[in-house]
Amino acid sequence: MAAQQDLLDNLKLKMLKDNICPELAKTAHQLVFGEGSSSAKIVFIGEAPGKNEDEQGRPFVGAAGKFFDEMLEMINLTRDSVYITNIVKYRPPNNRDPLPEEKAVFLPYLYKQLEIIRPQMVVTLGRHSLNCFLPDLVIGKVHGLPKRMKVVVHGSAPRTMVILPLFHPAAALYNGGMRQTLVDDFVKIPVIMSKINEF
Ligand code: URA
């Protein structure tokens with residue numbers, strides 16, 4: 001929807017104006033805000049841009065992204081029909097893990113993105129993303145198991161969102177067992193979505 005896309009565009013401009021994480025901004029090429037449908041029913045959230053994402057300004061376009069695209073295709077979804085973003089929106093130097101304070105600074109903007117898009121399901125990719133929403137859960141134990149989360153945004157009625165924790169596609173790239181686990185979890189997405197729509 002045009003209005004939602006405008007709100008997302010304005011949020012990106014605000015992030016740039018707010019000059020968040022100037023240290024990361026200095027070493028990165030650009031802010032990788034996210035892309036896809038501004039009214040997507042499903043939002044995928046990764047950790048932070050890597051080298052390719054930093055160069056192209058788009059999330060999940062490197063090797064992990066290729067595998068991610070394959071899994072989307074398996075469930076008949078396209079990148080245009082979902083929304084894809086990361087918690088941290090500048091590439092950390094040498095792809096190091098994002099620091100807790102970096103995640104904390106970016107989190108309110110991620111929540112704003114979700115408030116604008118209002119998805120039915122958030123699919124977290126990897127432990128960093130999961131723990132931003134559900135800090136006490138361990139990815140190895142809860143992957144593939146949907147969780148309901150109540151979202152209370154000031155000024156609007158509380159609503160429920162489903163969080164589906166998945167392993168990060170990069171972790172599965174060179175590990176056959178993990179790859180199959182991720183695929184098995186990924187194909188649950190349409191099943192869970194159809195259950196959400198029954199209510
Ligand atoms: N890994 C992520 O977490 N996000 C990307 O955009 C690319 C790789």
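As the structure lists them, so they are numbered: ligands from 1, and atoms in each ligand from 1. Hydrogens, waters and symmetry mates are skipped; everything else that's a heavy atom, side chains included, is used.
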Which residues pass the salt bridge (Lys or Arg N to Asp or Glu O under 4.0 Å) test with [X], not counting sequence neighbours?
X    : value
D9   : none
K51  : E55
K147 : none

Contact set, ligand 1, heavy-atom distance under 4.0 Å, ordered by chain/number, equals G46, E47, A48, E53, P59, F60, N86, H168

Over 60° means perpendicular and under 30° means parallel, so classify the ring planes of F133 and Y111, tilted if in between.
perpendicular

Would you find a donor on one side and an acceptor on the other, under 3.5 Å apart, between the side chain of N131 and the backbone of L137?
yes

Would F67 and H168 count as a close aromatic pair, with their ring centres under 6.0 Å?
no

